[in-house]
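A quick write-up on the structure given underneath.
Quantities reported herein were computed from a predicted structural model and do not represent experimental measurements.
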Amino acid sequence: QVQLIESGGGVAQAGGSLRLSCAVSGRTFSIYNMGWFRQAPGKEREFVADISFNGRSTDYADSVKGRFTISRDNAKNTGYLQLISLKPEDTAVYYCATSRTALRSGNFFREDDYNYWGQGTQVTVSS
């Protein structure tokens, strides 16, 4: 059974930082890309960042470039999303996901590219 469990969400002030983690079990984490998405109240879920299976390639939504950093530790089967310079518009439920295909080069920013998802962790940024 594949499980993705996010943690690290919470409440932060504008300009603050948080670090999200995504622990993956039941799957060979090291051969799949990992992505982070978020869904704000009343809005559709949107792509935030992704990282290739070997960690050599990353991609970010324009809205978070320069402020968020995605990384992974394949030895720990865990992915991370470092959030700095937080803004109130970053308030959302953040989801991690692993890609549908393995050992594929490039970055994936569509939800359909991912087939396993975590339950989400709430990030709230106060102004």
*State, with a plain yes or no, whether a side-chain heavy atom of D50 is found less than 4.5 Å away from one of F109.*
no
*Examine R27 relative to Y32 and say whether NZ or CZ is less than 6.0 Å from the centre of the six-membered ring and inside a 45° cone about the ring axis.*
yes
*When you look at CD of Q13, are more than 12 heavy atoms from neighbouring residues, nucleotides or ligands closer to it than 6.0 Å?*
no
*Side-chain contact, heavy-atom cut-off 4.5 Å: T69 with Y60?*
yes
*Closest approach of I84 and G66, non-hydrogen atoms and distance?*
CD1-O, 4.4 Å
_Would a single hydrophobic cluster contain both V24 and I70, if residues Ile, Leu, Val, Met, Phe, Trp and Tyr are joined by side-chain heavy-atom contacts under 4.5 Å?_
yes
*Between R72 and T78, does any side-chain donor sit less than 3.5 Å from a side-chain acceptor?*
no
*asked:* List the residues meeting side-chain hydrogen bond (donor to acceptor under 3.5 Å, both in side chains) with D112, not counting sequence neighbours, and say none if there are none.
replied: none
*Take N74 and F53 through the test side chain to side chain contact (heavy atoms under 4.5 Å, CB included) and record every step on the way to the result.*
CA-CA 9 Å; N74 286 344; F53 65 94; 6.0 Å; no
*Report the distance from atom OG of S30 to atom NZ of K76, rounding to the nearest 0.5 Å.*
15.5 Å
*Output the distance between atom CG (L20) and atom CD (Q82), rounded to the nearest 0.5 Å.*
8.5 Å
*Would a 4.5 Å heavy-atom cut-off, applied to side chains only, mark D90 and R38 as touching?*
yes
*Atom pair CD1/SG of I5 and C96 - distance to nearest 0.5 Å*: 9.5 Å
*Between CE on residue M34 and CG on residue N77, distance to nearest 0.5 Å*: 11.5 Å
*Judged by atom type as modelled, is there a donor-acceptor pair below 3.5 Å linking the side chain of R104 to the main-chain atoms of R100?*
no
*Decide yes or no on ring pair (Phe, Tyr, Trp, His ring centres under 6.0 Å) for F37 and Y114, but give the supporting numbers first.*
CA-CA 11 Å; F37 291 74; Y114 298 87; 5.4 Å; yes
*Euclidean distance, S21 OG relative to E6 CD, rounded to 0.5 Å*: 10.0 Å
*Looking at residues at least two apart in the chain, or sitting in another chain, which of them share a salt bridge (Lys or Arg N to Asp or Glu O under 4.0 Å) with R45?*
E111
*Ring center gap for W36 and F47 short of 6.0 angstrom*: no
*Taking all heavy atoms of P88 and all of A14, pick out the closest pair and write down the distance.*
CD-CB, 4.2 Å
*Does one hydrophobic cluster hold both Y80 and V123, with members joined at side-chain heavy-atom distances below 4.5 Å?*
no
*4.5 Å side-chain heavy-atom contact, F68 and L81*: yes
*Do T101 and F108 come close enough that some side-chain heavy atom pair is under 4.5 Å?*
yes
*When clusters are formed by joining ILVMFWY residues with side-chain heavy atoms under 4.5 Å apart, either directly or through shared neighbours, do V48 and L18 land in the same one?*
yes
*Ignoring hydrogens and geometry, is there a side-chain-to-backbone donor-acceptor pair from N33 to N54 under 3.5 Å?*
no
*Do you know which of S52, S57, S99 makes side chain to side chain donor-acceptor pair (under 3.5 Å) with N107?*
S57
*asked:* Just verifying a value: how many Å separate L4 CG and T98 OG1, rounded to the nearest 0.5 Å?
replied: 5.0 Å
*Cationic N near anionic O, under 4.0 Å, D62 to K65*: yes
